[in-house]
Chemist: 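Here it is, the structure in full.
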Protein chains: 2
Amino acid sequence: MESFRTPGQRAGLTRAAVLGAAQDLLAEKGLESLTMRALAQRLSVAPNALYSHVTSKTALIDDLLDEVLAEVQAPAPDIADASDGLYQLMASTYDVLLTHRDLVPLYLARQGARGSNAQRLGTIMLALLARVNVHGSAASEALRVLIVYTIGFAAFTTHPPLDAGVDRPVIPAETLNNFTNGLRWLLTGITQASAVS
Amino acid sequence: MESFRTPGQRAGLTRAAVLGAAQDLLAEKGLESLTMRALAQRLSVAPNALYSHVTSKTALIDDLLDEVLAEVQAPAPDIADASDGLYQLMASTYDVLLTHRDLVPLYLARQGARGSNAQRLGTIMLALLARVNVHGSAASEALRVLIVYTIGFAAFTTHPPLDAGVDRPVIPAETLNNFTNGLRWLLTGITQASAVS
DNA sequence: AATATAGCTGGACGGTGTACAATTAGCAAG
DNA sequence: CTTGCTAATTGTACACCGTCCAGCTATATT
């Protein structure tokens, strides 16, 4: 509990170590417990020490969000069926989000992470959309719809939904079907719309 | 700035007054400024006084969320075209959400408000879904998809999206089109799926 | 070897939500 | 008309939060 170091002595912290510990703490104790003080304690360090490696808690979380997005498996932009590529990408995103349940509300509260990984995924999505003849503003619209839907659905999956009293047991596999169904609806809608215009 | 009342003297607070002031404060100063102390000051009352009418800040916000949902204009359950009824309901919800921008992130972070108004809307939606031959678990799935999509889209509308660098000006009318397009995709998907099964 | 830099600690500041005890206004009952 | 109970309100305070500032010193730079 007490301090082992006197001022001036180093603890060998790294920015990566801080991010990693934050991710662990989040996974173990949940979002509410992710506090700068708790994080510092886990690293056996004074709370202020963190600010040598992270400019603010907000920035820390932003980095966390983008770091998670690195796990998303994106299909090659030249995949045979572009529409299928979009499907795979969103499905993988959904999957990744479910393995980091506590972060999901943050994606929403903040806004979908402008980090480099997010940009990478965005670019791939736009490329795929272009291959199904969706360009310009229509493309960014479709992009938005897909992202919204995926993150939103993850939010409703991870945290208990409202349920207007129908059937009780929320089976994960069912929920996955639920997600993929809606996703397909959106994708057919997007591609059909481009066929008309 | 100072206290006009001595302990024991009443201020005539009501639960409704507290909720109302909270809503005003939110609209005027934004989410960050909605603090128990600020709320108390606006009502010329000590911060603790609020706890005679509200059990916690969380509960207060929950009530706020549900109160806003009362503004949603729901179509009569026996509207001619049930699918159109769903469309109108979600469109109205989207509209209401946009007039309370600061609450939107809260709907997501928390989870869609289990209050009485939310239940009322849920029931109506299920009734409409039944009329387009969607029942049981499929119905609650569809319900979830529609809610997720609407709230999620509102979130991306109110708070600046990420934008992978295409076109700049985010015209509200365009965004509305964006929303209604996706909504139609979902609705056709939902109804078509029921036609198959 | 001298000096700058950057990591760390101690301590503090201003903010938050909220519990506790003491006061007293308003109302019901005698 | 008095008495007493309940519930609204205040003052005070606690524990916690994110973060700034000043000092110390191990390390990198010159």
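Scope of the values below: all heavy atoms of this structure, side chains included, with no hydrogens, waters or symmetry mates. Letters A, B, ... are given to chains in the order of the sequence lines, protein chains preceding strands, and every chain is numbered from 1.
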Chemist: Base, sugar-phosphate, or nothing: which does A11(B) touch, judged by heavy atoms less than 4.0 Å apart?
Modeler: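 Here A11(B) touches the backbone only, sparing every base.
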Chemist: Looking at R10(B), does any N or O in its side chain come under 4.0 Å of the phosphate oxygens OP1/OP2 on dA25(C)?
Modeler: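 For dA25(C), neither OP1 nor OP2 has a side-chain N or O of R10(B) closer than 4.0 Å.
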Chemist: Once you round it to whole Å, what is the distance between P of dG15(C) and CD of Q41(B)?
Modeler: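 These atoms are roughly 12 Å apart.
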Chemist: More 5' along DNA chain C: Q9(B) or T58(B), using each one's nearest nucleotide?
Modeler: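 The residue mapped nearer the 5' terminus is T58(B).
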Chemist: So, for V132(A) and S83(A), which heavy atoms are closest and what is the spacing to 0.1 Å?
Modeler: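 It is CG1-N, 3.9 Å.
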Chemist: May I have the distance from K57(A) (atom NZ) to dG15(C) (atom P), rounded to whole angstrom?
Modeler: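 Result: 19 Å.
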Chemist: Report the nucleotide, chosen from dT9(C), dT19(D), dT10(D), that has the shortest atom-to-atom distance to any side-chain atom of R5(A).
Modeler: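 It is dT9(C).
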Chemist: Nearest whole angstrom, please: distance from the C1' of dG17(C) to the CG of D62(B).
Modeler: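 It works out to 16 Å between those atoms.
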Chemist: Starting at atom CZ of R15(A), determine the distance to atom P of dG7(C), rounded to an integer number of angstrom.
Modeler: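 Interatomic distance, CZ of R15(A) to P of dG7(C): 12 Å.
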Chemist: Heavy atoms only: give me the nearest A82(B)-R131(B) pair and the separation to one decimal.
Modeler: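 A82(B) and R131(B) have their closest heavy atoms at CB-CB, 3.7 Å.
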Chemist: Please work out which residues in residues 26-40 of chain A have a non-hydrogen atom less than 4.0 Å from an atom of DNA chain C and list them by number.
Modeler: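 Under 4.0 Å from DNA chain C: R37(A).
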Chemist: Could you please name the option among dT9(D), dT9(C), dG7(C) that lies closest to any side-chain atom of H53(A)?
Modeler: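 Per side-chain heavy atoms of H53(A), the pick is dG7(C).
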Chemist: Taking the side chain of A49(A) as heavy atoms from C-beta outward, which of dT19(D), dT24(C), dC8(C) is closest to it?
Modeler: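 Of the options given, the side chain of A49(A) lies nearest dC8(C).
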Chemist: Quick one: does any side-chain atom of R5(B) pair with a main-chain N or O of S44(B) as donor and acceptor, under 3.5 Å?
Modeler: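 Yes, the answer is positive, given that a donor and an acceptor are paired below the 3.5 Å cut-off.
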Chemist: Can you tell which of dA6(C), dG17(C), dA8(D) lies closest to the side chain of Y51(B)?
Modeler: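 Looking only at side-chain atoms, Y51(B) lies closest to dG17(C).
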Chemist: Ignoring hydrogens and angles, does a donor from either the side chain of N48(A) or the base of dG18(D) sit under 3.5 Å from an acceptor on the other?
Modeler: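 No, the side chain and the base share no sub-3.5 Å donor-acceptor pair.
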Chemist: Nearest-Å distance, CG (L50(B)) to C1' (dT10(D))?
Modeler: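 Atom CG in L50(B) sits about 12 Å away from atom C1' in dT10(D).
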Chemist: Passes ring-ring contact (aromatic ring centres under 6.0 Å, His included), F179(B) versus Y149(B)? Steps please.
Modeler: CA-CA 9 Å; F179(B) 168 74; Y149(B) 175 76; 5.4 Å; yes
Chemist: Can you name the closest pair of heavy atoms from H53(B) and T14(B) and give their distance?
Modeler: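 Taking H53(B) first and T14(B) second, the nearest heavy atoms are CD2-C, 4.0 Å.
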Chemist: How far apart are the closest heavy atoms of M125(A) and L89(A), and which atoms are they?
Modeler: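 Heavy atoms only, the tightest pair is CG-CD1, 3.7 Å.
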Chemist: Rounded at 0.5 Å granularity, tell me how far CZ in R184(A) sits from CD in Q192(B).
Modeler: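 Those atoms lie 14.0 Å apart.
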Chemist: In whole Å, I'd like the distance from the CG atom of L60(B) to the C1' atom of dT18(C).
Modeler: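 It works out to 14 Å between those atoms.
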